[in-house]
Amino acid sequence: MTTALASRTGTTPRLAAWRHLPRETRDTLFLLGVIAWVIAPHAAHLPWWCTALAAVVLLWRARLALTGAPLPGRWVLGALLLAAVAATLVTHRTLFGKEAGVTLVVVLMALKTLELRARRDAFVVFFLGFFLVLTNFLYSQSLPLALAMVLAVWGLLTALVVSQMPVGQPSLAKAAALSARLCLFGAPVMVALFVLFPRFAPLWGLPTDAHAGRTGLSNMMEMGSVAELALDDSIAMRVKFDGPAPPPQALYFRGPVLAEFDGRHWRPLPYRGWPRSQRADGNLQLGTQAFRYSLTIEPTRIASLPLLEVTPEVPRLGEILPRMREDLEWVTGQPLRERQRFEATAYTGFRHGPVAWTAGLRDYLQLPEGYNPRTLAWAQALRQQLPDADARRLAQAVFAHIRTQGYAYTLAPGRYGDEQGRHAIDEFWLDRKQGFCEHFAAAFVVVMRAMGVPARIVTGYQGAEYNPVDGYHLVRHTYAHAWAEYWQPGAGWVRADPTGAVAPERIRMALDLGPATGVVAATLSTVNPELWRRLRNHWDAVNNAWNQWVLNYSRGTQFELLRHLGFDAPGWQDLVVLLLGLVAAAASAGAAWAWWERHRQDPWVQAYRRMQAQLAAAGLPSGPHVPPRTLAAQARARWGEQAARVAELLSRMEALRYAPAAGATPRSSTLARSLARELRRAVLELRHAPHP
């Protein structure tokens, strides 16, 4: 029977079965689907038991709705709630804080669906759902999540509208359309608040642990750490040049400078207290070619800014005042907890460091005793072969060794060293000869120091991916890199990138090894690499626009907007005044609309009033409450058969209003106005006709 009904109505059996469910069942299933949609993004960071409990409870509630079975008793709900609270306490060691709070809210939301006995219970579920929508943004503010939460809000509003509809079988599509109109009506208010509401720091910041899982450069390096970072395909920063961009081989973004080596780890050199005249850094001299660029940097893990080297000046970043150390690393007092955007100028041609020997250079010759003896012996043998060579010639000899002795550039060279990580340089340099950039940089620095040349490691990023859609260069974590610097008398610190000796295309063309892509991405890039590249570029451009215009919309941007509007020295008071003015204007417009709606007459009533006025002018007055049927009878009594046309038009007017089956259509207002025009002509003919 259901199949036959579906074939007659042109719908599928499932849709027909859905439409024939009781209203309460349909509403409950729709609400459960919306709740599942809201909870789904939390599954990535919720405890496994919480996700499983929410899924089981929602499925249980759906089965109860379909079978019409009674809801469980309060004792069952109480036992489940106590078990969930205990599990939360065991998992998070507390019932307070972001993680425990979100877990409990998800549990309460799921369990509340088993208690939907009255409208007030539904309201609790609705507002818990709205709160859960907000909590999703504590973990991510990405564009896909924002779009998903817009759909979630639409679904919750639709469920709220359905709960207010009268008894019967209201159309879910009508409720969805009404909630969509409500969202559209509220959108201008939302935009005005977003643009003009003063951005006080506590209101717009995230909790201190919001970026606990972020990746990025580190203040410590050991063999394999940069390779692990290079497996992350996420974006570290976006760069846009005002004019021509530097060539790919010049795109070095300088991060932490590491010089202290304990045999396993490289760390920044601690402060030695050398007099200024004996320090190993300073004496920065800039070239003539400058590159003006704007940089949008993602939240960082350490208090360091990886900027295009060398960038001599950086503006204040809100409450953070960056400073450049003597080794040219830009540092901040704390890691960046939110995305920052600023403009700067870089000089890819520069010189820094002392031109003559100073006592501070001895810090860059230190090597731990008892580590990598074979590499030290190899370096001393090379030094004996080139007794008169300067630092530059020694570096060229090391590069020639890398190019000719079968070294390989790879992201997965395996673990080096013994169980304690000792002698890792020996195993890499003399035995296996496979490594990533940090392996080559670390081995190069050890060899140069063993030959009596001061050297150090610089970490950061090298290269960028150009996006022709929006003109930005994307620096992903896959471009994480480590290179070296050695000291040359008369020249200071000189960059040396041993990776260029084994994989020149990595530096010359800024090609990264990158992580393995997913099945869909790999298939699409294999079948049509150009299409995949264009799709990825467009998505990056859209995501960048979201970051620039929404997530990066800050107090400075607000003040810049006010300057464009004519404010000379804008402040938060101007924002408040402008916002209140817009609110007052919107309230006035809403009041005017409400007044107009209240006094607006029905189109049928307007047309009928015109008919009455025409008949009154012809000598047949009538009161405002006289129906068309009575007026038609009065016209026949007044003019006899000559009023037949007038009576017919009045009868049709009455049928249009009170007998929809006899003539009402979606064009009723148009027909009413048409009947009023025809009546006017009939009355004119009646006035010129001889009266009986």
Side-chain angles (χ1 to χ4, degrees), residues 141 195 198-201 204-206 211 214 216-217 234-246 250-256 284 286 289-325 327-348 350 460-467 470-477 479 540-541 543-564 569-572:
Q141 301 87 42
V195 173
R199 272 162 164 68
F200 300 109
W204 299 101
L206 289 175
H211 300 289
R214 60 181 175 231
L217 299 174
S234 61
I235 294 176
M237 51 189 171
R238 292 176 170 87
V239 186
K240 189 170 187 178
F241 293 95
D242 289 350
L251 293 177
Y252 280 85
F253 297 87
R254 190 183 189 91
L284 175 62
L286 301 176
Q289 188 175 15
F291 295 91
R292 182 75 177 172
Y293 67 96
S294 62
L295 184 140
T296 303
I297 186 169
E298 299 295 318
T300 59
R301 186 170 60 178
I302 59 175
S304 179
L305 296 177
L307 304 184
L308 184 62
E309 65 174 15
V310 63
T311 300
E313 295 182 3
V314 172
R316 189 183 189 95
L317 307 178
E319 303 298 326
I320 298 176
L321 182 61
R323 64 179 182 87
M324 185 173 67
R325 298 181 7 157
D327 59 10
L328 304 186
E329 177 192 356
W330 278 97
V331 295
T332 57
Q334 59 185 357
L336 298 182
R337 294 188 174 89
E338 59 183 15
R339 189 178 292 103
Q340 296 285 351
R341 182 182 183 276
F342 57 91
E343 295 182 352
T345 301
Y347 297 83
T348 55
F350 63 93
Y461 300 93
Q462 197 284 320
E465 174 186 338
Y466 180 67
N467 188 347
D470 56 5
Y472 277 82
H473 286 74
L474 307 180
V475 181
R476 302 180 185 274
H477 288 301
Y479 290 95
D540 285 333
N543 201 36
N544 181 43
W546 168 258
N547 292 334
Q548 298 290 344
W549 296 105
V550 179
L551 300 184
N552 277 3
Y553 188 77
S554 61
R555 182 168 54 182
T557 311
Q558 286 182 317
F559 291 163
E560 187 66 25
L561 174 63
L562 291 183
R563 292 188 191 96
H564 287 301
W572 67 267

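Position 1 is the first residue of the sequence, and the numbers go up from there.
Within a 6.0 Å sphere centred on CD of Gln334, other residues, nucleotides and ligands contribute more than 12 heavy atoms.
The two residues His477 and Tyr461 have their closest heavy-atom pair at ND1-OH, 3.0 Å. Between Ile297 and Met237, the shortest heavy-atom distance links the atoms CA-CB, 3.9 Å. The minimum heavy-atom distance between Phe342 and Val314, with the atom names listed, is CE1-CG1, 4.0 Å. Residues Pro306 and Leu217 come closest through the heavy atom pair CB-CD1, 4.0 Å. Closest heavy-atom contact between Ala464 and Val475: CB-CG2, 3.9 Å.
Taking the six-membered ring where the residue is Trp, Tyr293 and Phe241 present tilted rings, their angle falling between 30° and 60°.
Note that the CZ atom of Arg476 and the CD1 atom of Ile235 stand 4.5 Å from one another [nearest 0.5 Å]. How far CZ of Phe253 is from OH of Tyr479: 10.5 Å, rounded to the nearest 0.5 Å. The CZ atom of Arg341 lies 9.5 Å from the CG atom of Leu295; values are rounded to the nearest 0.5 Å. The CG atom of Leu328 sits 6.0 Å away from atom CZ of Phe350, with the distance rounded to the nearest 0.5 Å. Atom CG in Leu336 sits 5.5 Å away from atom CG in Leu305 (nearest 0.5 Å). Note: Arg238 CZ to His473 NE2 = 13.5 Å, rounded to the nearest 0.5 Å.
A side-chain donor-acceptor contact under 3.5 Å links Trp330 to the backbone of Thr311.
A side-chain donor-acceptor contact under 3.5 Å links Ser304 and Glu329.
Using a 4.5 Å cut-off on side-chain heavy atoms (C-beta onward), Leu284 and Met324 make contact. Taking the side chain as every heavy atom from C-beta outward, Arg301 and Pro335 never approach each other to under 4.5 Å. Contact annotation: the side chain of Pro322 never approaches that of Val331 to less than 4.5 Å [non-hydrogen atoms, C-beta and beyond]. Contact of the Ile302 side chain with the Pro256 side chain is registered, since non-hydrogen atoms from C-beta on lie closer than 4.5 Å. Using a 4.5 Å cut-off on side-chain heavy atoms (C-beta onward), Leu308 and Tyr252 make no contact.
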**Request:** Verify side-chain contact (heavy atoms from CB on, under 4.5 Å) between Thr348 and Phe291, making sure each step is shown before the conclusion.
**Result:** CA-CA 8 Å; Thr348 55; Phe291 295 91; 3.5 Å; yes

